[in-house]
Amino acid sequence: MSDISIKTPADIEGMRLAGRLGSEVLDYITPFVKAGVTTGELDRLCHEYMEKVQGTIPAPLNYCPPGYTPYPKAICTSVNDVICHGIPGDKVLKNGDIVNLDITVIKDGYHGDNSRMFLIGEPSLLAKRLSDITYECMWLGIAQVKPGKRLGDIGWAIQQHAHKHGFSVVREFCGHGIGKVFHEEPQILHYGQPNTGEVLKPGMIFTIEPMINAGRREIREMNDGWTIKTKDRSLSAQWEHTVLVTETGYEVLTLSAGSPPPPAFITGSQAAA
Ligand code: MF3
Ligand code: CO
Ligand code: CO
């Protein structure tokens with residue numbers, strides 16, 4: 001039996017709006033993500049844009065899952081060996097850094113959750129390759145989404161691609177169902193076996209957000225209660241979209257004018273839209 005909610009048409013409309021707005025925050029912040037800026041300034045700018053321009057609420061602010069302290073900022077900024085949940089602060093971005101900005105907005109009660117990688121100046125070939133392969137991993141996972149497919153098919157597609165390129169998949173954090181609740185059933189593992197797990201049905205909405213490490217998959221937790229780094233200090237990358245299961249396949253909800261195009265191998269109807 002599954003606890004995965006099937007969204008109503010009204011829910012889906014709400015999630016389309018929240019998703020687009022979440023993506024537009026990333027569009028807005030892009031020109032500011034340069035050497036010399038602090039992660040705290042990026043947080044301040046995004047927060048201001050959400051509240052003053054969009055009329056959205058940053059979902060992370062004061063978010064407090066069981067066992068955590070309230071998250072203190074509006075966005076997550078994860079630099080270099082930070083896998084996820086980096087807290088914005090005084091850190092200055094410098095040439096060669098890679099940074100994930102993870103944005104979740106709430107609009108009319110609905111959550112739009114997405115993240116992109118940004119490369120500062122001239123990153124190493126490894127850093128660029130890690131970001132590109134992680135982006136492909138996310139899209140290979142998305143391309144599996146179709147009624148009748150199973151959650152393990154998504155994880156398998158992601159894992160295969162990461163491993164083929166010598167990278168590892170973080171296991172402690174995963175994608176998630178999303179709607180009026182930020183994190184709900186199901187968990188979307190970014191590894192797994194084909195033809196296993198829950199069967200996808202039209203109206204399900206969840207995120208796909210692989211965290212891929214250049215080195216080993218093990219993590220370590222920082223004392224701030226949130227920041228997660230690679231244990232071996234290798235680089236880590238992540239991309240995230242919120243996705244609706246449609247009658248025929250998928251609809252990515254977190255798209256906007258500035259979204260990078262899907263990789264060329266993605267040929268679904270929406271890829272061209
Ligand atoms: N946006 C993250 C996700 O993709 C969650 C961040 S929780 C926070 O699920 F509290 F750290 F913001
Ligand atoms: Co998410
Ligand atoms: Co997110």
Side-chain angles (χ1 to χ4, degrees), residues 4-5 15 18-27 29 39-40 42-44 46-47 50 56-79 82-89 91 99-107 110-118 134-135 137-138 141-142 145 151 154-155 158 169-190 204-212 219 221-229 236-244 252-256 259:
I4 308 175
S5 70
M15 289 297 286
R20 178 171 57 77
L21 290 167
S23 186
E24 285 176 355
V25 177
L26 288 165
D27 295 353
I29 200 65
T39 54
L42 297 176
D43 175 79
R44 191 189 67 74
C46 287
H47 195 170
M50 289 183 233
T56 59
I57 298 166
L61 187 61
N62 297 316
Y63 184 61
C64 192
Y68 282 78
T69 53
Y71 188 78
K73 294 289 179 178
I75 73 171
C76 297
T77 54
S78 299
V79 182
V82 178
I83 295 170
C84 63
H85 303 166
I87 301 174
K91 186 171 182 65
V99 57
N100 173 277
L101 302 187
D102 193 334
I103 307 286
T104 310
V105 302
I106 307 173
K107 181 70 171 182
Y110 293 102
H111 292 73
D113 186 6
N114 66 163
S115 79
R116 298 180 196 159
M117 293 301 295
F118 296 83
T134 304
Y135 187 65
C137 283
M138 175 185 68
I142 292 170
V145 173
L151 288 179
I154 297 172
I158 291 168
V169 179
V170 172
R171 297 195 171 214
E172 288 83 355
F173 298 90
C174 54
H176 49 93
I178 184 168
K180 285 181 176 158
V181 175
F182 192 173
H183 294 105
E184 63 182 28
E185 292 296 309
Q187 294 193 16
I188 309 296
L189 303 182
H190 302 115
M204 291 179 175
I205 297 181
F206 49 79
T207 71
I208 297 179
E209 48 180 301
M211 285 144 274
I212 306 295
I219 69 166
E221 298 176 27
M222 298 297 105
N223 290 331
D224 62 17
W226 281 98
T227 305
I228 305 295
K229 292 188 177 182
S236 187
Q238 179 177 30
W239 290 80
E240 176 176 26
H241 271 313
T242 298
V243 179
L244 165 71
V252 177
L253 301 179
T254 37
L255 291 175
S256 57
S259 299

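Values in this document were obtained by computation on a predicted structure and should not be read as measured data. Remember, it's 1-based here, ligands and their atoms both numbered in the order they're listed.
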Numbering as shown, the atoms of ligand 1 that approach [X] to under 4.0 Å (heavy-atom distance):
{"X": "His183", "value": "3 (C), 5 (C), 9 (O)"}
{"X": "Trp226", "value": "8 (C), 10 (F), 11 (F)"}
{"X": "Asp113", "value": "1 (N), 3 (C), 4 (O), 9 (O)"}
{"X": "Glu209", "value": "3 (C), 4 (O), 9 (O)"}
{"X": "Phe182", "value": "1 (N), 5 (C)"}
{"X": "Thr104", "value": "1 (N)"}
{"X": "Tyr63", "value": "7 (S), 10 (F)"}

Does [X] reach the side chain of [Y], with side-chain heavy atoms less than 4.5 Å apart?
{"X": "Val169", "Y": "Ile212", "value": "yes"}
{"X": "Ile154", "Y": "Phe206", "value": "yes"}
{"X": "Ile103", "Y": "Ile29", "value": "no"}
{"X": "Thr39", "Y": "Lys73", "value": "no"}

Could you tell me how the ring of Tyr68 sits relative to the ring of Trp226: parallel (under 30°), tilted (30 to 60°) or perpendicular (over 60°)?
tilted
Does Ser78 reach the main-chain N or O of Gly86 with its side chain, forming a donor-acceptor pair under 3.5 Å?
yes
Okay, side chain of Thr254, backbone of Ser23: is any donor-acceptor separation there less than 3.5 Å?
no
Starting from atom 1 (N) of ligand 1, locate the nearest protein heavy atom and write down its residue, its atom name and how far away it is, to 0.1 Å.
Asp102 OD1, 3.0 Å
What's the shortest distance from atom 12 (F) of ligand 1 to any protein heavy atom, and which residue and atom give it?
Pro60 CB, 2.9 Å
So is His176 touching ligand 1 or not, going by heavy atoms under 4.0 Å?
yes
Of Cys46, Pro58, Ser256, the residue whose pairing with Val25 passes side-chain contact (heavy atoms from CB on, under 4.5 Å):
Cys46
For the Co ion (ligand 2): protein N/O/S atoms at distances below 2.8 Å:
4
Mind checking whether Cys76 contacts ligand 1 via backbone (N, CA, C, O), side chain (CB onward), both or neither, at a 4.0 Å heavy-atom cut-off?
side chain
Between Asp27 and Arg20 (salt bridge meaning N to carboxylate O under 4.0 Å), is one present in this structure?
no
Residues Tyr63 and His183: side-chain donor-acceptor under 3.5 angstrom
yes
With a 3.5 Å cut-off and no angle check, do the side chains of His190 and Glu209 form a donor-acceptor pair?
no
